[in-house]
Amino acid sequence: MSQQGSQQSQQQPEPIYLKDYKAPAYLIDHTDLRFELYEEETLVRATLKVRRNPARSGKSPLELHGHESLELCRLSIDGEVLSERDFSRDDELLHIADVPDEFVLECLTRIHPQLNTALEGLYKSDGMFCTQCEAEGFRRITFYPDRPDVMSVFRTTVEADRKLYPVLLSNGNPVESGSADDGRHFVTWDDPFPKPAYLFALVAGDLAVLEDSYITASGRKVKLQIYGENKDLDKLDHAMLSLKNAMRWDEEVYGREYDLDIYMIVAVDFFNMGAMENKGLNIFNTSCVLASPRTTTDAAFQRVEGVVAHEYFHNWSGNRVTCRDWFQLSLKEGFTVFRDSEFSADMNSRTVKRIEDVSMLRTAQFAEDAGPMAHPVRPESFIEISNFYTLTIYEKGAEVVRMLHTLLGAETFRKGSDLYFERHDGQAVTTDDFVQAMADASGRDFTQFKRWYSQAGTPRVEVSDSWDAAKGVYSLTLRQSCPATPGQTEKLPFHMPVAYGLVAQNGVELEAGVLELTDSEQTFTFDDLPEKPVPSLLRGFSAPVKLSYPYSDEQLLLLLKHDGDGFNRWDAGQRIAVNLMQQLIEDHLAGKALSLPDAMVDSWRAVLNDESLDPAMVAHLLRLPSEAYLAELAEVIQVDAIHAVREFLRKALAVALQPEWLEAYKRCTSDEPYSPDAESCARRALKNLALGYLLATDEDALLALAEEQFVDADNMTDQQAALSLVVHSGFREAGQRLLDDFHTRWHHEALVMNQWFAVQASDPWSGALERVKTLQEHPLFDAKNPNKLRSLVAAFCAQNPVSFHAQDGSGYRYLGDWIIKLNKKNPQIAARLLTPLTRWKRYPQAAQQLMTAELERILAQPELSKDVYEVVSKSLA
Ligand code: 0A1
Ligand code: ZN
């Protein structure tokens, strides 16, 4: 058969739809699992107490999910072994046609975790056994109704060799342990809280542990344990502190207490995502839990704090109250991201946290919402749920919850969340149930608001104003629209809070509040004003929209100086820079010479010299909008022009303000020992921003300053900043010198070496692809480890636009080759890496052709995983 023929006969995966949701036919009251872990295989004995769901009428067959890799050894019902005639099996399901209304099902399954490279289900990470069951990994462990609305009480026994695997963990509380034959031992765990299978976890390994305890608000003592490799024991303190802070915060802000006697976190090096909230036994990517001043940057310290809190908060928003089906994923993720971002805001600087979150939303989530994979916060269909762990579900979902918080105010929002938890504790529910709790607690009608869950795309809000000087009446007219997205051409108006302030020429705030926009066009008037104000709109980014108002540069400068809202001060600066850069991009494309306006230099000088400002704020104000953000805003993305213009401006600002940068650098240099607190991070942020500008002057003396910082640094933030700034600068030889030095110092630290790979992969200077290909041969690179793939392949394709979009198409082909290689080995990672190729419609014609050709080549491969098939086929549709 020809290649083409085999393609056609290959069955394409079918989507599943929210509208087809049906309650489960059978419920599992109790799940007893027994794992026998061996070097070649693992035996899983499952005993399930099954009962017909009284909510479903009629008799249905029992359907259990089971991945094709499961080897079914024995199946019995109430002790009677079933023969092959009693059941049937396809790629995904095991059907048993005739079962009693209530029965005990026993199932013996053989699996091979050692061969599991997909890192879903039970697998091995650096010699230790661990699991990842969300969303549909449990079906790779045993036959089970692997859907979140089947909640069961679990009892789990893990048996393994005592020497190789002295630590045996699962969910809940340990209730029994002992010896078994042949130097083996076992531990039994009991989890009294009913949970879906996706929250199941197991760990077996030779692990070190950091232990502490926490007294809950009601006085219960909880044992806290963080497990990792022995060599990493000194890198667990920050996670422990973050955990205790998160536990206290959730009591204080949401009235939520922890419920089990023990809370465990395990660090593993092979992990597809950041971390996982399994009940009582979180499993973390090492990159989201390990932290020490010498090896970890400030950003990573903050990430650890945020992710530890996120997984902890899931214990209520996700575990105690879970999702009815995977279309409701944002029910737990949007709410939990909102909770963790508020926690981080309280622990650090609120304005800085908001700036960081919005920057990410506006670049990456807006791009997703404008691309072929755009989907509503509550999707209507999917082929592979793993593809829907997206910025839309997480970050936009969090923005939707934030809007409810803004509309209701903190106190009423808390009443709503109390009602939600009380009403739905122990249940699997929907985003409608969440909004209903907020509506019932407040007496408000959120029918229209719910469009945020069902309509995809980033809304546009156009604002115009008028001023009646005689009456002192100012009016703002807001018009909203939303672009078409796949499967949704017409959009209805959203209900959105638009926080605003009206600022007088002298900087005084005349009025502030929140407008509620509900119609496609609405006018708001403000009386008794002494002068025509400058409107500060969408304060704190109160809705995830693109808002435009024809600001003059003078108005933006006024807001930059005086806006009472820190976020909007920053945003005013961004708008000034974006306007200028868009003009320069046009000039560059027209072959005109570029120039830096004096006004920009003056306003930057004023910010830089203003010692009353928070240095973190200064660092954000003086960081030029990223290439990715400019790309997102562009009609047609001109990669080289964007890069050239940003580099031109960086250099021009570096030269024009050189003495000021040096002064700021010195002012922010401190002899204090390292601390990851917000104030110290802020100082380092500004210091390293200044260093970047200083290096951009290309002066040798300033290179010496960077090299000195690299050598003298007592912390990774300063050392890594110096490394990446020099490597990405024009000082090529020095860059190589520092890379070699860094390698010598850190080759034994996996996470630090990930930075070493990433710095090189994102180096925009020519020859990057060749360097990346050479690095693939480096002994520390491991294509089975997602962190390594992210550091090298993803960093090159997503953070090195100039090289990835090389005109000969070499970057696209490179990514295509990786996708084909990883398609079967690790489908989740393959599908995620694909993202940059999916955005082909935004680029000029020639690039479009090369990018689609690459997607076509991938689509023509035999045996595409569902993950890759869904992303590629939707991108080409
Ligand atoms: N629920 C986790 C994220 C997560 C999702 C899927 C995973 O494997 C496919 C792993 C982790 C969280 O939100 O942190
Ligand atoms: Zn989460």
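One-based numbering along the sequence shown. Counting convention: from 1, in listed order, for ligands and their atoms alike.
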| task | Check whether any N, O or S atom of E311 sits under 2.8 Å from the Zn ion (ligand 2). | result | no
| request: Step through the shown structure and confirm whether more than 12 heavy atoms of other residues, nucleotides or ligands are within 6.0 Å of CZ on R414. | output: yes
| query | Which residues satisfy the salt bridge (Lys or Arg N to Asp or Glu O under 4.0 Å) test with E311, sequence neighbours excluded? | reply | none
| query | Between F338 and F413, what is the ring plane arrangement, given parallel below 30°, perpendicular above 60°, and tilted in between? | reply | perpendicular
| request: Could you label the plane-to-plane angle of the F35 and F200 rings as parallel, tilted or perpendicular, counting under 30° as parallel and over 60° as perpendicular? | output: parallel
| said: Please check this pair: side chain of S152 against backbone of I28, looking for a donor-acceptor N/O pair closer than 3.5 Å. | reply: yes
| message | Which residue is it: F335, W249, F421, Y254? I am looking for the one with a ring pair (Phe, Tyr, Trp, His ring centres under 6.0 Å) to F313. | response | W249
| field | Option from Y17, Y21, F382 for which ring pair (Phe, Tyr, Trp, His ring centres under 6.0 Å) with F327 holds | value | F382
| task | Tell me which N, O or S atom of H314 sits nearest to the Zn ion (ligand 2). | result | NE2
| query | Which is the closest N/O/S atom of E333 when seen from the Zn ion (ligand 2)? | reply | OE1
| Residues lining ligand 1 [heavy-atom distance under 4.0 Å, listed by chain and residue number] | Q132, E134, M273, A275, M276, E277, H310, E311, H314, K332, E333, Y389, Y394, Q828
